[in-house]
Amino acid sequence: MRKKVLITPRSFGKTSNVPFEMLKKYDYEILINNSGKPYEESELIKIIRDVDGIIVGLDKITSNVLKNAKKLKVITKYGVGVDNIDIEEADKLGVKITYTPGANTESVADLTFSLMLCLSRNVIKLDNIVRSNKWEKIIGCEVYGKTLGIVGTGNIGRSVAKRATGFDMRILAYDKYPDYDFANKLGVKYVDKKTLFEEADFITLHLPLNKETYHFVDEEEFNLMKNTAYIINTSRGGIINEAVLYNALKNKKIAGAALDVFEEEPPLNSKLFELDNLILSPHCGAATIEASERMAIMAVEGLISVLEDMEPKYLYENKK
Ligand SMILES: NC(=O)C1=CN([C@@H]2O[C@H](COP(=O)(O)OP(=O)(O)OC[C@H]3O[C@@H](n4cnc5c(N)ncnc54)[C@H](O)[C@@H]3O)[C@@H](O)[C@H]2O)C=CC1
Ligand SMILES: O=CC(=O)O
């Protein structure tokens with residue numbers, strides 16, 4: 001019987017045909033989510049019953065979904081953050097998880113840096129000024145020479161650090177597993193969480209979302225920050241307590257923030273929209289031609305390796 005593969009991410013295979021050509025060699029029956037949005041749990045439960053492998057974007061692969069997946073051998077994350085997958089349930093059921101580590105690193109680092117520059121120079125507001133037939137200037141601040149606090153020095157955090165050296169920034173970092181080789185090479189200083197939040201002019205978050213990192217930035221951290229400091233989140237919405245961020249921005253406890261990710265996505269009619277010291281983007285960190293192509297190819301390689309009983313590629317190891 002032909003194996004069935006479900007593909008849900010919107011941008012999969014949109015920038016090149018290579019991933020589909022790779023899949024063709026195996027004569028799988030391919031199902032594609034053409035709805036333009038992630039599946040609801042109830043939809044996935046129906047579809048997944050006789051699926052052997054799934055390439056998934058941000059759809060929630062809950063324990064209910066997994067319990068209904070009678071043939072599933074592999075869940076392949078088209079991306080890096082696997083917080084939308086019930087990893088423990090998958091482990092219990094013997095379903096392998098593969099992902100695409102590093103595939104979107106440079107794209108997320110680019111977006112992070114561009115958000116930092118947009119915040120410091122009020123780029124969105126400047127654009128609005130000119131479009132409304134006004135000619136006013138806003139005094140911003142330089143990123144050059146400032147202190148950057150990088151939370152999470154994995155692939156993306158390290159790439160942000162590389163960009164920051166070009167701006168002669170003083171770079172502080174915090175990570176549960178510090179990488180001293182990288183730090184020595186780039187002149188990055190590992191500090192404790194409190195020091196980073198107290199001293200940084202720009203803080204950027206690059207942690208995976210899990211029980212340990214949920215609301216990693218909460219009241220206490222906003223209280224430590226300078227009132228001239230900015231925070232940028234391109235990791236996952238749940239890393240920041242959004243209600244507390246709202247108050248910090250509203251009361252000018254901090255200077256500003258930029259969010260590519262939200263506790264609820266999309267953040268429809270959110271009260272965050274009232275704030276003019278906040279820049280928003282719709283979870284676009286990996287939305288480049290280059291990252292999409294790399295993610296699609298690595299996703300297909302991972303999926304095929306498990307479905308065809310080869311040495312699994314890009315296996316996600318649950319470190320708990
Ligand atoms: N906005 C977007 O489109 C994208 C968002 N992401 C998010 O960015 C996150 C980071 O991505 P990468 O850098 O590629 O992952 P990575 O796995 O290379 O780096 C994560 C880093 O966080 C550290 N870490 C983990 N738990 C920690 C804790 N409790 N305390 C301190 N440090 C901890 C790890 O030691 C590691 O250095 C992903 O998990 C994903 O959620 C990733 C790609 C695109
Ligand atoms: O959000 C995207 C990812 O790769 O994780």
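Keep in mind that this is a model prediction, so the values were computed, not measured. Read the numbers this way: they start at 1 and go in the same order the structure lists the ligands and their atoms.
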Element-labelled atoms of ligand 1 that are located less than 4.0 Å from some non-hydrogen atom of [X]:
| X | answer |
| --- | --- |
| Y174 | 31 (C) |
| T153 | 37 (O) |
| A286 | 3 (O) |
| G81 | 39 (O), 40 (C), 41 (O) |
| V108 | 4 (C), 43 (C), 44 (C) |
| H283 | 1 (N), 2 (C), 3 (O) |

Exercise for review: Look at the rings of F12 and F20 and say which category their plane angle falls in: under 30° parallel, 30 to 60° tilted, over 60° perpendicular.
Suggested key: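 The rings of F12 and F20 stand perpendicular, inter-plane angle above 60°.
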
Which protein heavy atom lies closest to [atom], and at what distance to 0.1 Å?
| atom | value |
| --- | --- |
| atom 30 (N) of ligand 1 | K176 CB, 3.7 Å |
| atom 13 (O) of ligand 1 | I156 N, 2.9 Å |
| atom 22 (O) of ligand 1 | P208 CD, 3.5 Å |
| atom 7 (C) of ligand 1 | S235 O, 3.5 Å |
| atom 10 (C) of ligand 1 | H206 O, 3.6 Å |
| atom 15 (O) of ligand 1 | V80 CG1, 4.0 Å |

Of the side chain and backbone of [X], name the one, both, or neither that has a heavy atom under 4.0 Å from an atom of ligand 1.
| X | answer |
| --- | --- |
| D175 | both |
| L111 | neither |
| T213 | side chain |

Point to revise | Pairwise side-chain contact, L172 with T147, heavy-atom cut-off 4.5 Å (strictly under) | key: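 Side chain of L172 against side chain of T147, heavy atoms only: contact under 4.5 Å found.
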
Practice item. For residues R236 and D83, determine if any side-chain heavy atom of one lies less than 4.5 Å from a side-chain heavy atom of the other. Key: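 Yes, close enough: below the 4.5 Å cut-off.
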
Review point. Under 4.5 Å between side-chain heavy atoms, hopping through other hydrophobics if needed: is there a path connecting I45 to I55?
Key: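 In one cluster with I45: I55, no.
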
Any chance the side chains of [X] and [Y] put a donor and an acceptor closer than 3.5 Å?
| X | Y | answer |
| --- | --- | --- |
| S292 | T15 | no |
| T62 | D86 | no |
| S11 | Y78 | yes |
| H283 | S281 | no |

**Study point:** side chain to side chain donor-acceptor pair (under 3.5 Å) contacts in which one or both residues fall within residues 149-165, not counting sequence neighbours
**Key:**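 Of all non-adjacent pairs touching residues 149-165, those that pass side chain to side chain donor-acceptor pair (under 3.5 Å) are E106-S159, E106-R163, D110-R163, T153-D175, T153-Y190, N155-R158.
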
Practice item. Keeping to residues at least two apart or across chains, list the side chain to side chain donor-acceptor pair (under 3.5 Å) pairs with something in residues 129-139. Key: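 Residue pairs with at least one partner in residues 129-139: D127-R131.
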
Select the closest option to [atom] among [options], judged by heavy-atom distance.
| atom | options | value |
| --- | --- | --- |
| atom 27 (C) of ligand 1 | L207, D179, V151, V261 | L207 |
| atom 29 (N) of ligand 1 | R236, M295, E212, K193 | E212 |
| atom 16 (P) of ligand 1 | N155, V82, N210, L259 | N155 |

Tabulated below should be the N or O atoms of ligand 2 paired with protein N or O atoms at under 3.5 Å; can you produce that?
| residue | atom | partner | partner atom | Å |
| --- | --- | --- | --- | --- |
| ligand 2 | 1 (O) | R236 | NH1 | 2.9 |
| ligand 2 | 1 (O) | R236 | NH2 | 3.2 |
| ligand 2 | 1 (O) | H283 | NE2 | 2.6 |
| ligand 2 | 4 (O) | V80 | N | 2.7 |
| ligand 2 | 4 (O) | N104 | ND2 | 2.9 |
| ligand 2 | 5 (O) | V80 | N | 3.3 |
| ligand 2 | 5 (O) | G81 | N | 2.7 |
| ligand 2 | 5 (O) | R236 | NH2 | 2.7 |

Exercise for review: Please find out if less than 6.0 Å separates the ring center of Y99 from that of Y316.
Suggested key: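 Under 6.0 Å, so yes.
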
Exercise for review: Measure centre to centre between the rings of Y230 and F202, then say whether the value is under 6.0 Å.
Suggested key: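 Judged by ring-centre distance (under 6.0 Å), Y230 and F202 do meet the cut-off.
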
Point to revise | Over-ring placement of K193 relative to F216, 6.0 Å and 45° cut-offs | key: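 Relative to the ring axis of F216, which defines the angle, K193 lies inside both limits.
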
Exercise for review: Identify whether NZ of Lys or CZ of Arg in K271 sits under 6.0 Å from the centre of the six-membered ring of Y246 and within 45° of that ring's axis.
Suggested key: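 Geometry flag: set, cation within 6.0 Å and 45°.
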
Review point. Sequence neighbours excluded, which residues qualify as ring-ring contact (aromatic ring centres under 6.0 Å, His included) partners of F197?
Key: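 Expected list: none.
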
Quick one: does [X] get an N or O within less than 3.5 Å of an N or O on ligand 1?
| X | result |
| --- | --- |
| G154 | yes |
| L209 | no |
| T234 | yes |
| T105 | no |
| D260 | yes |

Review point. For atom 1 (N) of ligand 1, is the nearest protein heavy atom closer than 4.0 Å?
Key: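 Neighbour list for atom 1 (N) of ligand 1 includes protein heavy atoms (cut-off 4.0 Å).
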
Point to revise | Qualifying residue, where the test is salt bridge (charged side-chain N to carboxylate O under 4.0 Å, His left out) with D52 and the options are K3, K71, K96 | key: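 Result for salt bridge (charged side-chain N to carboxylate O under 4.0 Å, His left out) with D52: K71.
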
Point to revise | Reported CE-to-OG distance for the pair M295 and S107, which is rounded to 0.5 angstrom | key: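 So the CE of M295 and the OG of S107 are separated by 7.5 Å.
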
Review point. Just one of T204, I232, V143 clears the side chain to side chain contact (heavy atoms under 4.5 Å, CB included) bar with L148, so which one?
Key: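 The passing option is T204.
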
